[in-house]
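Reviewing the structure listed below.
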Amino acid sequence: MSNIELYHGDCLEVMDTLIAMGVKVDAIITDPPYLLETEGAGFFGKKSDEYSMNYKGKKAYTYGGERYVMQEINSMKDGISEETLEKLCKIMKKINIYFFCSQKQLPILYKFFVEKKGCNWNLLCWHKTNPIPACGNKYLSDSEYIMFFREKGVKIYGNFDTKFTYYVTKSNMEDKKKYGHPTIKPLNIVENFVINSTNEGDTVLDPFMGSGTTGVACKRLNRNFIGIELDDKYFQIAKERINAA
Ligand SMILES: C[S@@+](CC[C@H](N)C(=O)[O-])C[C@H]1O[C@@H](n2cnc3c(N)ncnc32)[C@H](O)[C@@H]1O
């Protein structure tokens with residue numbers, strides 16, 4: 001049995017409260033809003049049927065028969081700030097953290113966790129075989145990265161089947177449709193991170209929970225989970241999805 005705590009709110013505020021209560025987690029597995037090359041700030045796609053094509057002057061694109069527009073996330077306009085990273089460190093017993101991230105976020109995270117905090121690190125990759133076919137004067141956006149940082153003394157578990165550094169799958173359109181989150185991540189990848197970096201009964205935090213993929217992985221693997229999500233709709237989706245797991 002795992003203990004699941006879900007918070008609807010801004011993760012910076014919720015984490016302040018948790019830290020003040022003395023909460024410490026064993027690991028963080030998270031997927032913050034990305035810094036996308038095209039826009040240079042924290043954006044993610046929303047189905048265009050919710051917004052007009054010119055929603056706040058943002059671009060729209062079509063993919064897999066669906067149209068998406070880029071929507072700005074006000075609370076994380078500058079991507080991941082040093083203040084946020086320090087807070088994440090404060091809430092972990094020892095630094096043990098996975099970040100899904102864009103290419104643009106790699107140097108920011110490397111500087112903070114390796115150069116400033118002296119962590120060991122791994123660069124993992126999720127290669128998508130069905131990328132958005134936009135490649136005018138640039139390479140395809142067919143890879144997402146996962147940076148893993150751990151403080152000295154933090155153990156890795158798992159086995160040959162869970163320790164791949166490179167995943168090749170389709171972007172999961174079925175899950176996107178089923179759970180309605182545009183950047184939902186593959187459950188099997190997240191489950192491997194849970195297995196590799198925690199034990200049964202440990203507690204994992206995802207401060208940018210989205211549709212709750214990390215929570216589902218934790219529930220299936222008997223880990224405790226703390227999830228935080230700002231958006232009303234995604235919070236409800238995550239709650240139902242984790243309850244059903
Ligand atoms: C990239 S998505 C996460 C998707 C998730 N990994 C999944 O599989 O569904 C990032 C999420 O962070 C949420 N978010 C953005 N700013 C936030 C904040 N300040 N506090 C909590 N959640 C936030 C967004 O609403 C979005 O759902």
Side-chain angles (χ1 to χ4, degrees), residues 5-19 27-36 39 41-47 50-51 68-88 91 97-105 109 124 126 128 141 144-147 167 169-194 204-220 225-245:
E5 282 175 39
L6 305 182
Y7 295 91
H8 180 202
D10 182 337
C11 63
L12 296 182
E13 289 170 16
V14 176
M15 283 196 293
D16 279 343
T17 308
L18 294 173
I19 290 165
I28 294 178
I29 301 174
T30 198
D31 176 20
Y34 286 8
L35 285 171
L36 295 180
E39 300 285 353
F43 291 88
F44 70 110
K46 281 260 189 188
K47 271 187 182 175
E50 291 170 39
Y51 302 99
Y68 293 86
V69 292
M70 309 307 287
Q71 189 206 6
E72 187 175 352
I73 298 168
N74 296 324
S75 59
M76 286 280 140
K77 205 163 186 287
D78 302 318
I80 201 90
S81 68
E82 186 142 339
E83 183 204 354
T84 309
L85 296 176
E86 286 291 359
K87 227 166 253 189
L88 296 176
I91 204 167
I97 185 163
Y98 290 83
F99 273 100
F100 280 87
C101 60
S102 68
Q103 184 180 327
K104 217 170 175 184
Q105 287 173 320
L109 294 173
L124 315 175
W126 172 30
K128 289 178 274 189
S141 299
E144 287 189 38
Y145 304 97
I146 303 107
M147 288 192 101
Y167 293 86
T169 71
K170 277 180 158 180
S171 166
N172 41 354
M173 297 307 285
E174 294 82 22
D175 280 356
K176 278 187 194 187
K177 281 213 176 80
K178 192 166 170 196
Y179 300 113
H181 199 293
T183 61
I184 190 166
K185 296 299 176 289
L187 181 61
N188 68 313
I189 299 182
V190 177
E191 281 188 346
N192 280 351
F193 301 159
V194 171
V204 177
L205 166 70
D206 185 350
F208 300 96
M209 167 170 70
S211 65
T213 309
T214 309
V216 172
C218 287
K219 200 161 175 201
R220 284 161 55 99
F225 176 68
I226 301 175
I228 311 170
E229 172 57 45
L230 186 63
D231 185 287
D232 264 6
K233 187 175 119 190
Y234 298 139
F235 179 78
Q236 289 309 326
I237 289 170
K239 208 164 107 179
E240 283 163 26
R241 199 178 158 209
I242 295 167
N243 276 341

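What you see below is based on every heavy atom in this structure, not just the backbone, and it leaves out hydrogens, waters and symmetry mates. Numbering of ligands and ligand atoms starts at 1, following listing order. Please read all numbers here as calculations on a predicted model, not as lab measurements.
- Distances below 4.0 Å separate heavy atoms of D31 from the following atoms of ligand 1: 1 (C), 2 (S), 3 (C), 4 (C), 5 (C), 6 (N), 10 (C).
- Looking at K176, its side chain never comes within 3.5 Å of a backbone N or O of I184 through a donor-acceptor pair.
- Taking a cut-off of under 4.0 Å to the non-hydrogen atoms of P33, the atoms of ligand 1 that pass are 15 (C).
- Other residues, nucleotides and ligands contribute only 12 or fewer heavy atoms inside 6.0 Å of the NZ atom of K239.
- Annotation: side chain of R241 is in contact with side chain of Y179 (closest heavy-atom distance under 4.5 Å).
- Counting only N and O atoms by type, the side chains of N188 and Y167 include no donor and acceptor under 3.5 Å apart.
- Side-chain contact check for F193 versus L124: some heavy-atom pair is nearer than 4.5 Å.
- Ligand 1 has an N or O atom lying under 3.5 Å from an N or O atom of K185, backbone or side chain.
- Ligand 1 has no N or O atom lying under 3.5 Å from any N or O atom of P32, backbone or side chain.
- With a heavy-atom cut-off of 4.0 Å, P207 touches ligand 1 through its backbone alone.
- Every atom of ligand 1 with a heavy atom of G9 under 4.0 Å away is listed here by number and element: 20 (N), 21 (C).
- The side-chain contact (heavy atoms from CB on, under 4.5 Å) check on E5 picks up N3, Y7, I226, with sequence neighbours excluded.
- Backbone and side-chain nitrogen or oxygen atoms of I184 are examined, and none is located within less than 3.5 angstrom of a nitrogen or oxygen of ligand 1.
- Residues M209 and T214 are not in side-chain contact: their nearest non-hydrogen atoms beyond the backbone lie 4.5 Å or more apart.
- Not a single heavy atom of A238 sits under 4.0 Å from any atom of ligand 1.
- The shortest N or O to N or O distance between D10 and ligand 1 is under 3.5 Å.
- Note on ring orientation: taking the six-membered ring where Trp is involved, the planes of W126 and F100 are perpendicular (angle over 60°, cut-offs 30° and 60°).
- Residue-to-ligand polar distances keep R241 apart from ligand 1: every N/O pair is separated by 3.5 Å or more.
- Contact annotation for Y234 and ligand 1: only side-chain heavy atoms (C-beta onward) come within less than 4.0 Å of the ligand.
- Those atoms of ligand 1 with a heavy atom of D231 less than 4.0 angstrom away are 25 (O).
- Distances below 4.0 Å separate heavy atoms of T213 from the following atoms of ligand 1: 7 (C), 8 (O), 9 (O).
- By the 4.5 Å heavy-atom criterion applied to side chains, L205 and I228 are counted as neighbours.
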